[in-house]
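These notes are about the structure you will find just below.
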Amino acid sequence: MALRLYNTLSAKVEEFRPIEDNQVRMYACGPTVYDYGHIGNFRTFVAVDVLRRFLRQSEFNVRHVMNITDVDDKIIRNAARDGVGVKQYTAKYEKAFLEDAAALNIEQPILARATDHIPEMAKFIAELARKGFAYRAEDGSYYFRIAKFPAYGKLSKKDFAGMEDGARVDVDEYDKDNARDFALWKAPKPGEASWETSIGPGRPGWHIECSVMSMEELGETFDLHAGGEDLIFPHHENEIAQSEALTGKPFAHFWFHARFLLVEGEKMSKSLGNFFTLRDLVLKGHKPSSIRFLLASVPYRNQLNFTFDGLKQAATSVDRLRNFRMRLATSQFPAGANPAMAELACESGERMKAGMEDDLNTAQAQAAIFDMVRAANAAMDSGQLKKEDAAPLLAALEKFDEIFAVLKDDDAPKMKAIYDWAKAEGREKDVSQELLDAIRAQQLSDADIETKIAEMEQARRARNFKLSDAIRAELAAAGILVEQTKEGVRWRRK
RNA sequence: GGCGCGGUACCCAAGUGGUAAGGGAGAGGUCUGCAAAACCUUUAUACGUCGGUUCGAUUCCGACCCGCGCCUCCA
């Protein structure tokens, strides 16, 4: 079997085969850095990350480029509002975005910033103009002439056949030959950021940066282009038009789009009060791993209903997996091997792979791993799991985590960093008790904890339960959970 | 209005032409000094509604209701 993905361009699930052997070249539309990223943004980025990770697990080399759009209308407006330069304004949000992505264990792609590629954009536009696909308006703006590109609409399945070249349909856009023509280059306006280029002063239109940077990093034709579903039209349609008009070659083979999420059953919007940035959620005390797990749980083409109840459930699920790994890694098992366990691990791995290969069915992959966890836990309880069985089971779990990336228990330092940010930004009032609880466990060092636990064990052996319970309570209050098991003591930070 | 997606148990959510994965939550039980973890049992006889095709549909077709997306830079 091989990976099958839904391709927006063909509107079908197709086998994914890169142009060049096992080399995948993919481009994902990244953030416009005008504000903090919200969970809707991160659903898309997590989906792309899951794709990237699974491609790599499938033994592809992945060259993954993502743009940072650091100039656009909102950025210019907000920077002016704050009285700072565009660069200064975007630097803050770019940094925040990268931190948030890292907190969600999103692997960092090769980054490409729009403002670093202005001269190339000008060159690209000049070439389009030379070929007749672009024209200059009176004010110095450039537009793409859609009528010259008959395939326009092939991605978004829109029919623009009725449009005629030269028809002036929109009086407000008198500069354009056709209302559908889109801006490649915007003439400067007073007070706005502007660049001097070979095609004159101004700033780039919205779509041009992705065409220029993707081709520069990946070539004229590459394997896969990703983004949120809203980008299908006009953004990606326009990218195709520009790029294919310029080169006469197909732009990207696969178009991958992640569906929008709902929050508590409704579209996320500021007016509904259900609009959350990643940082908002962490301030409420939710772990980055819970958020990632929830975002990755629902296959990327389905609407995901993001709820606080779901977030709690995700946290519990992640704990279950972490507990399982800890038990497997730290327990003493009887010598030998139980062939059924290796078989279980193998079978789970295959089910997981089959699920992922089916258009990244993450829900199926999860079902496979949870089935394995239950069966292996039962085997441990009944003594059927032997010493040599741990390794293959752990390996299957690691395989799962190469995609889901939630097992490593490093939530607390990430939450602490966001706590520090909130203080620096004067947002202490948004810090929840839950967040304080979550980061409190960081205050005791491992050595301190081990010492306490040694005291506790000594008290237990002496059957001084009053003292041991007091120590347990003390540690619990500090966010440390101690477990006594047949194989000895284990502890973890809650 | 045009194009597209979805409606599965208390919640989240897979899936299939032959009567339903997984997680969470609830109930009961095992284990246990306490706690935690874990395991077992249990929780959908209309899988939005109404028709149709079929030996048989939740799965295919049609209509309807509801939710969602794009169609003016929102991932």
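Just so it is clear, the structure is predicted and the values come from calculations on it, not from any experiment. In what follows, every chain begins at residue 1, and chains take the letters A, B, ... in the order their sequences are listed. For the numbers below, each heavy atom of this structure counts, side chains included, while hydrogens, waters and symmetry mates do not.
Using P as the reference atom, U32(B) and U49(B) are 48 Å apart when rounded to the nearest Å. To the nearest whole angstrom, the two C1' atoms, one in G18(B) and one in G7(B), are 24 Å apart. Across U19(B) and G24(B), the matching C1' atoms stand 26 Å from one another, rounded to whole Å. For the C1' atom pair drawn from A9(B) and G4(B), the interatomic distance equals 29 Å after rounding to whole Å. Comparing A63(B) with U53(B), their C1' atoms are spaced 15 Å from each other, to the whole Å. To the nearest whole angstrom, the two C1' atoms, one in U54(B) and one in C60(B), are 10 Å apart. Using C1' as the reference atom, G26(B) and A44(B) are 16 Å apart when rounded to the nearest Å. On the P atoms, G69(B) is 26 Å away from C10(B), given to the nearest whole Å.
Of the charged side-chain nitrogens involved, at least one lies within less than 4.0 Å of a carboxylate oxygen, so that Asp437(A) and Arg440(A) count as a salt-bridged pair. Using a cut-off of 4.0 Å between Lys/Arg side-chain N and Asp/Glu carboxylate O, Asp371(A) and Arg351(A) are scored as salt-bridged. The existence of a salt bridge linking Asp177(A) and Arg145(A) is confirmed by a sub-4.0 Å separation between a basic side-chain nitrogen and an acidic carboxylate oxygen. Look at Asp409(A) and Arg322(A) and you find a salt bridge, because one of the NZ, NE, NH1 or NH2 atoms lies within 4.0 Å of a carboxylate O, short of that distance. Between Lys186(A) and Asp73(A) a salt bridge is recorded (basic side-chain N to carboxylate O distance below 4.0 Å). Arg460(A) and Glu457(A) are joined by a salt bridge, as a carboxylate oxygen and a charged side-chain nitrogen come within less than 4.0 angstrom of each other. Taking 4.0 Å as the cut-off between side-chain N and carboxylate O, Arg53(A) and Asp49(A) count as a salt-bridged pair. Glu192(A) and Arg77(A) are not joined by a salt bridge, as no carboxylate oxygen comes within less than 4.0 angstrom of a charged side-chain nitrogen. Using a cutoff of 4.0 Å between basic side-chain nitrogens and carboxylate oxygens, Lys87(A) and Asp70(A) are scored as salt-bridged.
The CE atom of Met456(A) sits 12 Å away from the P atom of A36(B) (whole-angstrom rounding). A straight line from CZ of Arg472(A) to P of A36(B) spans 9 Å, rounded to a whole angstrom. Distance Asn464(A) CG to C34(B) P: 16 Å, rounded to the nearest Å. Between the CZ atom of Arg460(A) and the C1' atom of G33(B) there is a distance of 8 Å, rounded to whole Å. The separation between Asn302(A) atom CG and C5(B) atom P is 12 Å, rounded to whole Å. Atom CG in Leu481(A) sits roughly 8 Å away from atom C1' in A35(B) (whole-Å rounding). Atom CD of Glu264(A) is separated from atom C1' of C11(B) by 11 Å (rounded to the nearest Å). Counting to the nearest Å, the C1' atom of A38(B) and the CG atom of Asp319(A) are 14 Å from each other.
With sequence neighbours left out, Glu229(A) forms a salt bridge (charged side-chain N to carboxylate O under 4.0 Å, His left out) with Arg259(A). Residues satisfying the salt bridge (charged side-chain N to carboxylate O under 4.0 Å, His left out) test with Asp448(A), not counting sequence neighbours, are none.
Both the sub-6.0 Å distance and the 45° axial angle are satisfied by Lys158(A) relative to the ring of Phe233(A).
Using a 4.0 Å cutoff on non-hydrogen atoms, no part of residues 93-103 of chain A comes near RNA chain B.
Among the atoms of the strands shown, base atoms are found under 4.0 Å from some heavy atom of Ser468(A). Nucleic acid contact for Arg492(A): sugar-phosphate only, since backbone atoms but no base atoms lie under 4.0 Å from a heavy atom of the residue. Asn305(A) comes within 4.0 angstrom of the backbone, heavy atoms only, and of no base.
Both Arg327(A) and Leu304(A) lie close to RNA chain B; mapped to their nearest nucleotides by heavy-atom distance, the more 5′-ward contact belongs to Leu304(A).
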Legend entry - Intra- and inter-strand pairs of RNA chain B in dot-bracket (Watson-Crick or G-U wobble, both distances under 3.5 Å; | for another strand): (((((((..(((.........)))((((((.......))))))....(((((.......))))))))))))....
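Ring-centre distance between Phe97(A) and Phe42(A): below the 6.0 Å cut-off.
Applying the 3.5 Å distance criterion, the base of G15(B) shares no donor-acceptor pair with the side chain of Asn361(A).
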Inset, instruction - For Asp358(A) and Arg4(A), run salt bridge (charged side-chain N to carboxylate O under 4.0 Å, His left out): C-alpha distance rounded to whole Å, both residues' side-chain angles, the deciding distance at 0.1 Å, then the answer. - result: CA-CA 6 Å; Asp358(A) 181 15; Arg4(A) 295 170 57 76; 5.7 Å; no
Legend entry - Worked verdict on Glu237(A) versus Arg180(A) for salt bridge (charged side-chain N to carboxylate O under 4.0 Å, His left out): CA-CA 12 Å; Glu237(A) 194 72 60; Arg180(A) 288 283 180 187; over 6 Å; no
Legend entry - Under 4.0 Å protein heavy-atom contacts per nucleotide of nucleotides 20-32 of chain B, with B for base, S for backbone only and - for none: -BSBB--------
Inset, instruction - Classify every nucleotide of nucleotides 68-75 of chain B by which part a protein heavy atom approaches to under 4.0 Å, writing B for the base, S for the sugar-phosphate alone and - for neither, in 5'-to-3' order. - result: BSBSSBBB
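Candidate nucleotides C34(B), G15(B), A37(B) were compared by shortest atom distance to the side chain of Glu483(A), and A37(B) ranks first.
Distances shown here put every side-chain N or O of Asn323(A) at or beyond 4.0 Å from the OP1 or OP2 atom of A37(B).
Each of Tyr143(A), Phe182(A), Phe124(A) was compared with His207(A) under the ring pair (Phe, Tyr, Trp, His ring centres under 6.0 Å) criterion, and only Phe182(A) meets it.
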